[in-house]
Each structure stands twice: as structure tokens, then as C-alpha cells.
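First the structure, in the form of C-alpha cells, and then the observations on it.
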Amino acid sequence: MIFPSFIAEARAAFPRGLEQPPASFRFGTDALLLAAWAARQAGRACHEVAELGSGCGAALFALLLHPCLAQAPTRVLGLDADEGLCLAARRNAARLGFADRCSFVCGDLRDVAFLRSCGLQRFDLVLANPPFYAVGTGRSSVHARRESAMRESPLSDRGTATARPVEPPLLSAFCAAAAALLRHHGRFLCIFPARDISRLLLALRQAALGLRAVLPVQARADAPALRLLVEARRGAADDCRLLPPLVLHGSLAHGGHGWTEQAREFCPPLMTVADAERG
């Protein structure tokens, strides 16, 4: 297919050039790894795809542009609680030539009416890069800002912001929303810190999402996994395959600062992500 030159140029530069509101949570390597994982796990019957917490649309666009995707989805939907990010995602979709296929809607993942309007039990694939840390842990100011952006703070009687009750955790809300949107045996694909796998496993089980595959992501071959790329299926039993790890960088002893060939093949946009993160 022949595209107008501005679309071809935008796709060639991707992920550089994506619009991101200045005060918003900015996408990075995790979003691109998630998209590459989804492209490889999607199969040939992936007609409708949704992403929870879609931000500026980076992961969905990376999925659509990934050379490994066997068949382009007919419908792609991004859900986010930030209207500014949804607006940016729509403009990014137009710039990349995906406006006819991609929609971005603003709403609360815990709102059943909102999920119903998106299409219950409709999607073949749901992606998510959920908030990593529980509220109040203080483990990361960046992730705390992201979680607060996705979680409204109700007002007390005196009109000051108060913390929303910790239960139910936002991670559980993400998994429950995925289960609500997925068709039977539809796939939920997410990326999560390896050290917090117990939290993710609990949330998946509570949402009746059966764990099917885990791909550890290591910075280097001699380092522990930092991230896990996870596949679960709605209404399926746990039957997990632990895959050989994805190693992003070579050994420091051999000057390994760049991306490995494995990483480049798995996720081609990684080569430009550093520039994209600088905006």
C-alpha cells in the first residue's frame, strides 16, 4: 500500500515524533516491549485489540507497525483516564495513518458502564502496562505520579484532596477490566516488574485470567530479570510456559552498551526509543 509522504515519513521515524502532553506520564521501553510481545503472541485471529492506560498510543502504534504481526487488527481501541493523552493519541493516529482504525476514549476502568460502552467480551487481545507499585509504598515517584494521574482523589468534607482507599488495588482493576473486555480465551498481555510477580499473579487469579506464558526481560545475560512479559487468557486454566529470556544489552565486560541482536529483532523501535523519550 502506498501512503502519502508525510505518513510514510512518520512511520519511518517512529517512535520519534509522537505527541506527548508535557505534564503527562511519558512512554518508554516498556511500551515498545509490550507491543512486540503482543505482535508475536497475537496469532492470525486477532481482529479487535484494546489497551488499558493507552497514553499517547505508543504501544498500539508499535503493535500495528511491528513486522511480526501476521494480520492487522480491524479495530484498535485505547482507554485512558486522561483526556489530554487521548487527544494526543488521536492526533498521533492521524499522523501515522491509523485514524480510520484506532479510537481512543477517556474513562475510568472501574466504571462498568464505561467498559460496557467499549464492548464487553468483544476483544481478542487486551494490552496493559499497569501501574507498578501499590499506593503509599514510596518506591518510585515516577510511578506514583502515573498512578495518581489514573486515580482520582475524592474531596473530603473540608474540600481538600484525600487518598482513595487502597482496596481494590488499581492493578486488580486493570485485570478485572481486561477480563470484562476479552472474549472467551481472549489474551491479556502485560509487562510487569519481575520482583512483584506475586502481586500480578494474585490479580490475574482474582480476575479468572489463566497464566499461559512468561518471558523474562534481562538488561544483561548475567543480571536478574527486571521485567516480565506475561500472557494470560480469560476463562482458561493456568498452564504457564516459562520462555528463554530476552536479553537487551551485551556484557559490560565486552563493552555491551547497545541493544543485542535479539532485542533488535524482537522490537525494532528500541533503536530509537532514547530519542523518543527525550521528546
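Remark: side-chain polar atoms of His249 are paired, donor with acceptor, to backbone N or O of Gly258 under 3.5 angstrom. Looking at Gln20, its side chain does come within 3.5 Å of a backbone N or O of Phe27 through a donor-acceptor pair. Listed for the Arg11 side chain is a donor-acceptor partner under 3.5 Å among the backbone atoms of Leu96. No donor-acceptor pair under 3.5 Å is formed between the side chain of Glu51 and the backbone N or O of Asn129. A donor-acceptor pair under 3.5 Å is formed between the side chain of Ser54 and the backbone N or O of Leu79. In this structure, Asp196 contributes its side chain and Arg199 its backbone to no donor-acceptor pair below 3.5 Å. A donor-acceptor contact shorter than 3.5 Å links the side chain of Thr74 to the backbone of His47. Although no hydrogens or angles enter the test, the distance criterion places a donor-acceptor pair under 3.5 Å between the side chain of Trp259 and the main chain of Leu270.
Atom SG of Cys56 sits about 7.5 Å away from atom CZ of Phe61, to the nearest 0.5 Å. A distance of 8.0 Å separates CG of Asp108 from CZ of Phe114, quoted to the nearest 0.5 Å. Note: Phe14 CZ to Arg95 CZ = 10.0 Å, rounded to the nearest 0.5 Å. Taking CZ from Arg40 and CG from Leu63, the interatomic distance works out to 12.5 Å, rounded to the nearest 0.5 Å. Note: Leu248 CG to Leu33 CG = 6.0 Å, rounded to the nearest 0.5 Å. Of the inter-residue distances, the one linking Gln218 atom CD with Gln262 atom CD reads 9.0 Å to the nearest 0.5 angstrom.
Under the 4.5 Å side-chain heavy-atom criterion for Ile, Leu, Val, Met, Phe, Trp and Tyr, Leu85 and Val126 are members of distinct hydrophobic clusters. Val217 is connected to Leu243 through a chain of hydrophobic side-chain contacts under 4.5 Å among Ile, Leu, Val, Met, Phe, Trp and Tyr, so both are in one cluster. Hydrophobic clustering keeps Leu32 apart from Val247 (ILVMFWY residues linked when any side-chain heavy atoms are closer than 4.5 Å, directly or through intermediates). Hydrophobic clustering (side-chain heavy atoms under 4.5 Å, transitive across Ile, Leu, Val, Met, Phe, Trp, Tyr) keeps Leu77 apart from Leu87. Hydrophobic clustering, with ILVMFWY side chains joined whenever heavy atoms are under 4.5 angstrom apart, keeps Leu246 apart from Leu226.
Each of Val230, Leu181, Leu211, Leu209 was checked for a side chain to side chain contact (heavy atoms under 4.5 Å, CB included) with Phe188, and the lone residue meeting it is Leu209. Residue Phe192 forms a side chain to side chain contact (heavy atoms under 4.5 Å, CB included) with just one option from Leu201, Leu171, Ile197, Leu34, and that option is Leu171. For the side chain to side chain contact (heavy atoms under 4.5 Å, CB included) criterion with Cys190, the lone passing option out of Leu200, Leu127, Asp30 is Leu200.
One finds no salt bridge joining Arg212 and Asp238 here, because no Lys/Arg side-chain nitrogen approaches an Asp/Glu carboxylate oxygen to under 4.0 Å. Ion pairing between Glu48 and Arg101 fails under the 4.0 Å rule for side-chain N and carboxylate O. Asp222 has no carboxylate O lying under 4.0 Å from a charged side-chain N of Arg220, or vice versa, which leaves the two without a salt bridge. Checked for salt-bridge contact, Arg233 and Glu231 meet the test: a charged N lies under 4.0 Å from a carboxylate O. With respect to Arg187 and Asp124, no salt bridge is recorded, no charged nitrogen being found less than 4.0 Å from a carboxylate O.
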Does Cys86 form a side-chain contact (heavy atoms from CB on, under 4.5 Å) with Val105? I'd like the steps, not just the answer. CA-CA 6 Å; Cys86 290; Val105 294; 5.9 Å; no

The test is side-chain contact (heavy atoms from CB on, under 4.5 Å); show your working for Phe98 and Val76 and say whether it passes. CA-CA 9 Å; Phe98 293 131; Val76 177; over 6 Å; no

Check against side-chain contact (heavy atoms from CB on, under 4.5 Å), Arg234 and His184: CA-CA 6 Å; Arg234 179 180 181 268; His184 183 59; 4.2 Å; yes

Salt bridge (Lys or Arg N to Asp or Glu O under 4.0 Å) assessment of Arg90 paired with Glu83: CA-CA 11 Å; Arg90 294 177 197 127; Glu83 179 59 36; 3.1 Å; yes

For a side-chain contact (heavy atoms from CB on, under 4.5 Å) check, start with the C-alpha distance between Cys102 and Leu64, then their side-chain angles and the critical distance, and finish with the verdict. CA-CA 10 Å; Cys102 296; Leu64 292 171; 3.5 Å; yes

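Of all heavy-atom pairs spanning Leu228 and Pro216, the tightest one is CD2-CA, 3.9 Å. The nearest pair of heavy atoms linking Ala177 to Leu52 is CB-CD1, 4.1 Å. The two atoms that bring Arg110 and Ala173 nearest to each other are CG-CB, 3.6 Å, heavy atoms only. Between Phe174 and Ala128, the shortest heavy-atom distance links the atoms CD2-CB, 3.9 Å. Nearest approach of His185 to Gly235, heavy atoms of both residues: NE2-O, 3.7 Å. For the pair Ala207 and Ala179, the tightest heavy-atom approach, listed with the atom from each and the gap, is O-CB, 3.5 Å.
Ser5 has its side chain within reach of Glu9: a pair of non-hydrogen atoms, C-beta onward, lies under 4.5 Å apart.
Remark: Arg91 is not positioned above the aromatic ring of Phe104, lacking an NZ or CZ atom under 6.0 angstrom from the ring centre and at most 45 degrees off the axis.
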